[in-house]
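Reading through the structure tokens given below for one structure.
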Amino acid sequence: MLINHPILGPRDAAEFTYLGDAALIDRPNWQADDAAEAFHDYLYLRDNPAGLHRELWFHEQGDRSWLVVTRNTLTHEITSVELARDVALARGRGKE
Amino acid sequence: MTINRLKGGLVDHGAPLNFTFDGKTYQGLAGDTLASALLANGRRLMGRSFKYHRPRGVMTAGSEEPNALVELREGGRQEPNTRATTVELFDGLTANSQNRIGSLERDLMGVNDLFANFLSAGFYYKTFMWPRAFWEKIYEPIIRNAAGLGSVSFEDDPDLYDKGFLHCDLLVIGAGPAGLAAALTAGRAGARVILAEEDFLLGGRLLAETSGLEDQSGLGWVTQAQAELSAMDNVRIMPRTTVAGAYDHGIYGAVERVSDHLAVPEAGKPRQCFWRIYSKRALVCAGALERPIAFENNDRPGVMLAGATRAYANRWAVTPAQSVVVFANSDDGHKTAADLMAKGIEVPAIVDIRADAPALPGTEVLAGAQIIDTKGRLGVTSVTVRLANGQTRSIACGAVANSGGWNPNLGLTCHQRGRPTWNDHIHAFVPGADLPVGQLVAGAAAGQFSTHAALTTGAEQAVAALADLGITASVGDLPKAEDAPRAMTPFWHVKGAKRAWVDFQNDVTVKDVKLSHQEGFRAVEHLKRYTTLGMATDQGKTSNVTGLAVMAELTGKSIPETGTTIYRPPYVPVAMGTLAGRSVGKEFHPTRLTPSHKWAEEQGAVFVEVGNWLRAQWFPKAGETTWRDSVDREVTATRQSVGVCDVTTLGKIDVQGPDAAEFLNKLYINGFAKLAVGKVRYGVMLREDGIAYDDGTAARLAEDHFVVTTTTANAVLVYRNMEFARQCLFPGLDVQIISTTEAWAQYAVAGPNSRKLLQKIVDPEFDISNEAFPFMGCREITVCGGLRARLFRISFSGELAYEIAVPTRYGDALIRRLMAEGEEFNVTPYGTEALGVMRIEKGHAVGNELNGTTTAANLGMARMVSKKKDCIGNTLSERDGLNREGDYRLVGLKPKEAQKMIPAGAHMMSQTGSVDAASDQGYVTSACYSPSLESYIALGFLKDGANRMGETLRMVNPLEGTELLAEVVSAHFVDPEGGRLRD
């Protein structure tokens, strides 16, 4: 597979390490009343879509960027690649 | 004597080559394959079939060959199951037949054929059922012994294999008329083109046919096209290269047989190279594969495909026999007859199933006739023909050219699960619409069977592919070529035939397909698995469609209703060595050497692999007979005076930025915000599920600068997780990190004399006295007269100890200097074993204890977990399940008899009571002999361990049936108050 790195252009998937669902960015608030439950869901519950899937890839043999790759699990077509940091900031993550 | 060699062809009649087959010497010509050379010498018998050990000869002239599989070469270069049809002959080639006991002519396993009734489809499932006790001891060895064809040599392959990477706009797969027209079209347009051809010559069927082009010879045009392509810088021609797999995003895997046509590769050249080709578009011009008609005893040596017979005559100037009967269902078989007769071969008859078969001068066309049997033990001697009028006639011959039509070569079009569709016009499957992304198909592979259609679709598809890329190309002048319609009457098998082979490689007959149908295995995937049809190394290239057709007849459905099977990579078998490339033996993974490696080698150190690293395990001295002698000495010398150990392999991560401390707070269970500059703190990291996964230290060199260490094993993982936290979880923190593991050489200097030793090399302006530089201090200093260094007062051994780091390139100099300066203290280098003994004596956890199931509480570190802040794993570490009363705690264990070893992995059981899982009290994680205590000791996890000091338990090893008694003690065997650390 080829991943079109937003900074470096197309790179072979072998340069990357796969993590999983990009929902892992949405780490719950530890001080919320339902924190235990929220962390349980965050860590253990995943969708397993047949189709578009947003997922985290780490450019370990490259520039060490974490990327959010949108991949069709049926065809391996990749429709978008974003820097995970940008995604995280856009989703309201900051210092906590 | 080459009795079956003809005149002409693309072989060099002036260049004879000697080779041996089954020990007998033969002569072939340059340009031969092993198969053509054997045929030239009158050898039709080349192997034995898989199951029934029937005599077999060559059937095809390409990589689809199911029968003529040989063991090629000898010794370490021996290669089983090599297709004689693709082996390019070289002088001195050695080949042997396989899958036989005794000679090929009198294979003792041929007895299987007499018991064929018992060996039909599904015989495994029926025969090897009872008694159950026979499964492993009797049945499995029998089956394993009978399975497989060739044998491996068990010697190391002396040759080099390599991998490479290529990029192109258009990958053209196959250099027949379609591929050449495509490459010319794309090359002329300036596109970057790779033209990959499995054969050693370009041209495809143009080399095998006399009737392809109209106003010039096929070879003439091929030569001209090759010359033009060779002159283009933007075109790379790759003969001897099989594109074996189509992968995602236009990536193709290809095997180039760089040196297979040579006895020994040229110096420095690989035997084969596996290319990963990154193509923007790919055009499959892989041609078509002929299919045989199934008739009784159609597997005798000499029964060949008609197109192959023609190719052998025209290209290789050989014939399987002087007299060849043709069996056909279309005019294509007539072409073979005409070409053979033109070469002087007798064709006694064309047996044509069509009632209206046209006549052919020079031979008798038996219209409406069928071959119903063959005779000849080791090769066909006659065929029995049932004529249109129902009479039978026997015709003497030495070969049968069998022509059942052609199937587009679909392999690569299916590698992304694309499903072929049925074409009623050519009675064959053609590529479906769901091709791999960026792939196009042209020529016979797309069902375009005439030479004209191959040329034009090749050029047109190249234009279309390039248009997608914004490159303008146009169909240029193409040679005039035959464009005859391919009329044919589908005909799959002769009715009433039983032992009529469909899949030759896996010995599947029409009868087996019928049995499969009869027993209810009618779906195509069931048929395949029940009969093993198409599951041999040829993936059923010559058999799948015929098998389907027979099943379709039985079920009364059409072929497309019956289904199709698709193909998976690789298109042809690829040697494991080719896929491994250079990553074999020592090069299987990179070897990382520590900065002191050369010096340690000079000391005669014994090394151990730790991940990719090689670390000194111990340093034997003269007179020491066991490793324990060395390790005990190293421990004792360190605890008594001073020892030095290379700890460079521990991960080192540089953390900088205004939010560095805040960032570390997120990673460690304990707090780092208040750590003073110039201080080090031990920390534990959790996974998000609350399980401890790594520990190490963080040293604060400045307000905004920390150096974090990780365990050797987790250096990569911790760094990855830290980047995840930094980029994905806490992107608002102003912090930068980088791995500096390779940048610093780091040594532990441990023992009561460690300060005195260091004081000799630390530059005098730096005061490292206990008062100025206490336990858990860190500082940037200089040593040896100005060399920058970092000094950490941390201890893994439990002694007064330091770790000193210098830039890696000074690592070798530093170890030599430490040894020289330490002579007066009898300084002792110690390896990983002594390191391990001292950490067990001190009760420090390592990977054995951080084993993926343990919490901070299990490790006795519950109080370290800060509840005032968030950290990864904090919330879930509070789960009830991880905080049960009486849960495991890390404890020390001392055997009642000091000289009895507690085995690591042993389970703890009460002194009385049963030994079973329900009574399990805990388990031993680390064990060693402690020279300091003069006793074996161990660490382990014990239920409610903290409250059970002084108890005696049984350490049980059920695997070896041993047990011994041990006392539960504190994990801190040596200096539990930690006084030595602070001196």
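Labels below follow one simple rule: chain letters A, B, ... track the order of the sequence lines, proteins then strands, and each chain is numbered from 1.
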Non-hydrogen atoms of B/I277 and B/C168 that approach each other most closely
CG2-SG, 4.1 Å
Regarding B/H705 and B/D654, do their side chains bring together a donor and an acceptor under 3.5 Å, going by distance alone?
yes
B/H589 side chain to B/N612 backbone, donor-acceptor under 3.5 Å
no
Per-residue contact mode, B/R276 against chain A (heavy atom under 4.5 angstrom):
side chain
Pair B/N874, B/K867: side-chain N/O donor-acceptor within cut-off below 3.5 Å
yes
Exam field: side chain B/D169 to backbone B/R192, donor-acceptor pair closer than 3.5 Å:
yes
Could you report the tightest heavy-atom contact between B/L729 and A/R93, atom names first, then the distance?
O-NE, 2.6 Å
Pull out the residues in residues 22-29 of chain A that come under 4.5 Å of chain B, heavy atom to heavy atom, sorted by number.
A/L24, A/I25, A/R27
Please list, in residue-number order, every residue in residues 57-65 of chain A that has a heavy atom less than 4.5 Å from any heavy atom of chain B; write 'none' if there are none.
A/F58, A/E60, A/R64, A/S65
Show the nearest heavy-atom pair for residues B/A660 and B/V655, with the distance to one decimal.
CB-CG1, 3.9 Å
Regarding B/K163 and the six-membered ring of B/F274, is the cationic atom NZ or CZ under 6.0 Å from the ring centre and inside 45° of its axis?
no
Checking B/F724 against chain A: side chain, backbone, both or neither under 4.5 Å from a heavy atom?
both
For a quick test of reading the model, state the closest non-hydrogen atom pair linking B/V708 to B/A698 and the distance between them.
CG2-CB, 4.1 Å
With a 4.5 angstrom heavy-atom cut-off, is it the side chain or the backbone of A/Q31 that approaches chain B, or both, or neither?
neither
Any side-chain to backbone donor/acceptor pair from A/R85 onto B/P731? Under 3.5 Å, distance only.
yes
If the plane angle is over 60° it's perpendicular, under 30° parallel, otherwise tilted; pick one for A/Y42 and A/F39.
perpendicular
Measuring heavy-atom distances to chain A, does B/L733 have an atom under 4.5 Å in its side chain, in its backbone, in both, or in neither?
both
Salt bridge or not for B/D659 and A/K95, using N-O below 4.0 Å?
yes
What closest approach, in Å, do B/A692 and B/L850 show between heavy atoms, and which atom pair accounts for it?
CB-CD2, 3.9 Å
Which answer fits A/T75, side chain, backbone, both or neither, if we ask what part of it has an atom under 4.5 Å from a heavy atom of chain B?
backbone
Can you give me the closest heavy-atom contact between B/L170 and B/A465, atom names plus distance?
CD1-CB, 3.9 Å
What part of A/L56 lies closer than 4.5 angstrom to a heavy atom of chain B: side chain, backbone, both or neither?
side chain
The complete set of salt bridge (charged side-chain N to carboxylate O under 4.0 Å, His left out) pairs with one or both residues in residues 724-743 of chain B, sequence neighbours excluded, reads B/R592-B/E742, B/E723-B/R726
Could you look at B/F165 and say if it's the side chain, the backbone, both or neither that has a heavy atom under 4.5 Å from chain A?
neither
SB check B/D162 B/R582 (cutoff 4.0 Å):
yes
Give the member of A/H40, A/M1, A/E96 that has the highest number of heavy-atom pairs under 4.5 Å with chain B.
A/M1
Do side-chain atoms of B/N665 reach the backbone of B/F672 as a donor and acceptor pair under 3.5 angstrom?
yes
So which bits of residues 710-719 of chain B come within less than 4.5 Å of chain A, counting non-hydrogen atoms only?
B/V716, B/Y719
